[in-house]
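For reference, the structure discussed in these notes is given below.
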Amino acid sequence: MPEYERHTYDVVVIGAGGSGLRAAIAAHEAGARTAVVCKSLLGKAHTVMAEGGIAAAMGNLWPDDNWKVHFRDTMRGGKLLNNWRMAELHAKEAPERVWELEQWGALFDRTKDGLISQRDFGGHRYARLAHVGDRTGLEMIRTLQQRTVQLGVDVYMECTVTDLMRDGDRIAGALGYWRESGRFVVFETPAVVLATGGIGKSWKVTSNSWEYTGDGHALALRAGATLLNMEFIQFHPTGMVWPPSVRGLLVTESVRGDGGVLRNSEGRRFMFDYIPEFFKAETADTEEEADRWYDDKKNNRRPPELLPRDEVARAINSEIKAGRGSPHGGVFLDIASRRSPEYIEKRLPSMYHQFMELAEVDITREPMEIGPTCHYVMGGVEVDPDSAASRVPGLYAAGEVAGGMHGANRLGGNSLSDLLVFGRRAGEHAAAYASEIGGGRPVVPDEDVTVGVRTALAPFDSGGAENPYRIQQELQDAMQDLVGIIRREQEMQLALKTIHDLQERSKALAVEGNRQYNPGWNLALDLRNMLLVAEAVALAAMERKESRGGHTRDDFPMTDYDFWGKRNVVIELAGGGAVHLRLQDLPEPPPELAALLEEPH
Amino acid sequence: MAYDLTLRIWRGDASGGGLVDYTVEAEDGEVVLDAVHHVQAQLAGDMAVRWNCKAGKCGSCSAEVNGRPRLMCLARLSTFSRGEPITITPLRTFPVIRDLVTDVSFNYRKAEMVPAFTPTAEQPTAPFRMAQVDVERSQEFRKCIECWLCQDTCHVIRDHDDNKEAFSGPRFFIRYAELDMHPNDALDRKKLVQEDRGLGLCNITKCCTEVCPEKIKITDNGIIPMKERVVDVKYDPVRLFRRRRGGDDV
Ligand SMILES: Cc1cc2nc3c(=O)[nH]c(=O)nc-3n(C[C@H](O)[C@H](O)[C@H](O)COP(=O)(O)OP(=O)(O)OC[C@H]3O[C@@H](n4cnc5c(N)ncnc54)[C@H](O)[C@@H]3O)c2cc1C
Ligand code: SF4
Ligand code: SF4
Ligand code: FES
């Protein structure tokens, strides 16, 4: 076997977003020799794009807020399909994790009393999101990045992991390549933390970047771990729709949190027409009450614009279908008529610039045109709630790649807090696992490295003529049209067929040039993951015969509390690599937590 | 409305290269990065370029467009004259890896040299109490998306590789300024930034401020106040007096 670059660690974290960096800090602080590997430069992961804030019940503005209310909001927002223990840990630990960022130098916006300010977001009973204007993710990633660098954790930037290596059942390491040179690297490590983020690049209209090809989901499956809730994809209600070049770019929910409202072409605040039974008791039914809520949350109910995202996205979709959309196929999001220009520029500076520079729209004077965009995957690697351990010994997962925490729908702001809470837990437990192993370290099998390298290099001499960019585009079209916001059995069948065709065709992928910084080749390798994950999503979505959260079926429009409300769809790979699916009972919360949730209708 | 657009893109690697013309169909409302992606998808699948957010938030897509350092994802095609090709070259201050991708590790090395935030003895542990007006000055610098455009444009290192060792560059001057203005930071880094990080080499040409996509007033709000404070620390007779008496507060 040729000599490859090799490195030995106790814990290797794949991903340098919020969850990966937090995991690396925790593993390092626990005494583990730790490395972080990421596809882009340090500081460029998705986390940098997060806008609105980090949800944590610190109670700085509303003393009545506490972890119990946050737990309840999270579970109800997730349509009760969340892993209750994850939701509990998350709500309890989020405040500590936010203060920790401040301890490391983060500068959040302040209240009058000099505490961390908190803002309103959909589905949260109280103003709860710690933020910095609308660039919270930047503050978070920079703080964690600076901490990681200060601690001296090794960072492998622009290095893509293609395979996990196992010794028997246990994790033994990872195989990757440097994007700069195309040369391979072998990481020898008993513990791997997956922190690779999401899968949204497989849809055409998306807020996600080229990195979101579901690598971690696919790596986990191929290593023998299970995925759950893959049918639940969050379509964020407000993405840009015009010009075409920016279609899908996110418009933060803070616009609504800070007073923005949705209107159709007739000028109607249509969200009042779409308040579901489940949220009737906590949602305002007149514009007057809704408007009073911003200043008096005790005596008024939340505006319907701030219902959980799945509800708002479906409502927008229906308005557009009914012919009441805006000129470019969206609806109107209006903050200009509701808040002063100074307020808007102060609270939403990056939205102001985004619209000014990319769409020539001044949001302090005119409404924005927006529509749903693929944003976040609730599904992910099935993990133990306390340790973030997957079913495979030595494999951990945290952040967007992990499943369970958000159930059928994630509340805004709950991702950034999730990254911190479970990133830390994953890092600590991975380090503990590695130290328990001691001298009995697993060994990376040479033959698996050879196979991994051969597979990665295949596109250079496949003899085929398929263009990876073309295959990616066809996949995006299929997922957008056939496994989008509203789903039907026949369409998903068609999607599956398309995915299988594309999998066949991608055996004949051809790439130009050499291995040195070659995006065409890089994409060819990512495609394998995108196609596998797309298949998992389509299969899970076909299986779940009800509508709930980020999974809406035209042919099964009702939410079914008796059967599907108690089941997770679990995906694994059978021998030979076939995607296999089974149902599993959802763990039930203990009575004292169940009591917090109130009876659903 | 679609039209034919010619991009003149630098292709090559450390051993050399040159401009290559590509003509693609472009749309109104698109940005330079879209056009580069069309080239990649249709004509040159192996063309190297960095990007992530496509919204001016991550600082990945920096390049020199018609000679001007800027983010390709914020460069709207409608602001260029139709019919003329758009020339795109990699950042000149950093060694090229391939095509539009350069080796920016210089910046990551300079980042490692910054002594981290260190809370004061009065408020050693979070949650801290800090007033909005007091955090705002530092917040301006924390808007930095690390696109390295200011680093690329600064003449101290743009054509003087030999200065790189001793010069951290405008991005890091504002990082030091940010920490210096942090209401709850205890360390004094003024002497360090002046003498060891090259603040003294900056002659306030303001070119860095001009290219900053975040519109951070790098020179007026960061570099100049830092220079003034350094001077205060160096020549303030009261401080010198105190220091001589052993009460070193620097
Ligand atoms: C525009 C936008 C705005 C958002 N706003 C908010 C908000 O206000 N509040 C909130 O809570 N959430 C928000 N979200 C969601 C949230 O930002 C993300 O869910 C979260 O940042 C994901 O973090 P992560 O650590 O899981 O992954 P990421 O930050 O995406 O990091 C993934 C990392 O994994 C690496 N990686 C992936 N595959 C590989 C591989 N094969 N080899 C090596 N490395 C790999 C990547 O390079 C990257 O470093 C927003 C999302 C978007 C897109
Ligand atoms: S002002 Fe100073 S740092 Fe900025 S470009 Fe000029 S010399 Fe460089
Ligand atoms: S200061 Fe401005 S130009 Fe310099 S790296 Fe930061 S964002 Fe870019
Ligand atoms: S792609 Fe993120 S700044 Fe241009």
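Just so it is clear, the structure is predicted and the values come from calculations on it, not from any experiment. Note: hydrogens, waters and symmetry copies are ignored here, and every other heavy atom, side chains too, is used. Order of the sequence lines fixes the chain letters, A, B, ..., with proteins taken first and strands second; residue numbering starts at 1 for each chain.
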Main-chain N/O of [Y] paired to [X] side chain as donor or acceptor, under 3.5 Å:
X: B:R98; Y: A:Y517; answer: yes
X: A:W521; Y: B:D46; answer: no
X: A:E102; Y: B:F128; answer: yes
X: A:E180; Y: B:I97; answer: no
X: B:K57; Y: A:M49; answer: no

Using non-hydrogen atoms only, which part of [X] is less than 4.5 Å away from chain A: side chain, backbone, both, or neither?
X: B:I145; result: both
X: B:V104; result: side chain
X: B:P124; result: backbone
X: B:T79; result: neither

Please tell me if the side chains of [X] and [Y] come closer than 4.5 Å, counting only heavy atoms from C-beta onward.
X: B:R142; Y: A:V132; answer: no
X: A:Q103; Y: B:P127; answer: no
X: A:W104; Y: B:F117; answer: no

- Task: For A:K44 and B:E146, run salt bridge (charged side-chain N to carboxylate O under 4.0 Å, His left out): C-alpha distance rounded to whole Å, both residues' side-chain angles, the deciding distance at 0.1 Å, then the answer.
- Result: CA-CA 9 Å; A:K44 312 298 180 195; B:E146 301 204 326; 5.4 Å; no
- With a 4.5 Å heavy-atom cut-off (strictly below), which parts of residues 7-20 of chain B touch chain A? List them by number. B:D13
- Item | Proximal to chain A - members of residues 30-43 of chain B, heavy-atom separation under 4.5 Å | B:E30, B:V31, B:D34, B:Q40, B:A41, B:L43
- Message: Checking B:E112 against A:Q146: is there a side-chain donor and acceptor pair closer than 3.5 Å?
- Response: no
- Item | With A:S209 via side-chain hydrogen bond (donor to acceptor under 3.5 Å, both in side chains) - residues at least two apart | none
- Note on the structure: Across all chains, not counting sequence neighbours, the side-chain hydrogen bond (donor to acceptor under 3.5 Å, both in side chains) partners of B:E140 are B:N221
